[in-house]
S.K.: 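This is the structure, below, for whatever I ask next.
We use all heavy atoms of the structure for the numbers below, so side chains are in, but hydrogens, waters and symmetry mates are not.
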Amino acid sequence: MARLTSWDLTRTAHELRVPVLVADPDAAGAYPGQSAELVELVGERATRVPFTTAEGAGYDCEIGAPTLRAQRLGDWLDEVVAHA
């Protein structure tokens, strides 16, 4: 976990050329606000997908709702592939 503090996409996020799904749990504890920062860095290639505590998916990695996370990821992939 200590090594994670050195990870920084600030200088390289603009180089991403593929669609990026950014999960955004509303009660993220480890790095609150990180999802919004990544969406801003990646720009139009990013799709922010909110997850809420009310859905059981508000914590980091949507740990309480793996089925919901899988469904939203699958739906997003379907959209990406359909528009490729």
S.K.: Looking at every heavy atom in both Val20 and Leu16, which two are closest together, and how far apart are they?
M.R.: CG2-CD1, 4.0 Å
S.K.: In the structure I gave you, are the side-chain heavy atoms of Asp24 and Phe51 within less than 4.5 Å of one another anywhere?
M.R.: no
S.K.: If we check side-chain contact (heavy atoms from CB on, under 4.5 Å) with Arg72, which of these qualifies: Leu77, Thr67, Leu21, Val49?
M.R.: Val49
S.K.: Does a side-chain heavy-atom distance below 4.5 Å link Leu9 with Leu38?
M.R.: yes
S.K.: What residues, two or more places apart in sequence or in another chain, satisfy salt bridge (Lys or Arg N to Asp or Glu O under 4.0 Å) together with Arg69?
M.R.: none
S.K.: Please give me the minimum heavy-atom distance between Val80 and Pro19, naming the atom from each residue.
M.R.: CG1-CG, 3.8 Å
S.K.: From Trp76 CH2 over to Thr47 OG1, what is the distance, rounded to the nearest 0.5 angstrom?
M.R.: 6.5 Å
S.K.: Are Val39 and Leu41 connected in the hydrophobic side-chain network, where two residues link if heavy atoms are under 4.5 Å apart?
M.R.: no
S.K.: Just by distance, no angles: are the side chains of Asp26 and Thr53 close enough, under 3.5 Å, to form a donor-acceptor pair?
M.R.: yes
S.K.: Of all the heavy-atom pairs spanning Ala57 and Pro25, show the shortest one and how long it is.
M.R.: O-CB, 3.7 Å
S.K.: Please find the pair of heavy atoms, one from Pro32 and one from Ala28, that lie closest to each other, and give the distance.
M.R.: CB-O, 3.7 Å
S.K.: Any salt bridge (charged side-chain N to carboxylate O under 4.0 Å, His left out) pairs touching residues 32-46, not counting sequence neighbours?
M.R.: none
S.K.: Between Thr52 and Glu55, is there a side-chain donor-acceptor contact under 3.5 Å, judged purely by atom types and distance?
M.R.: yes
S.K.: With a cut-off of 6.0 Å (strictly less than), are more than 12 heavy atoms of other residues, nucleotides or ligands near CZ of Arg11?
M.R.: no
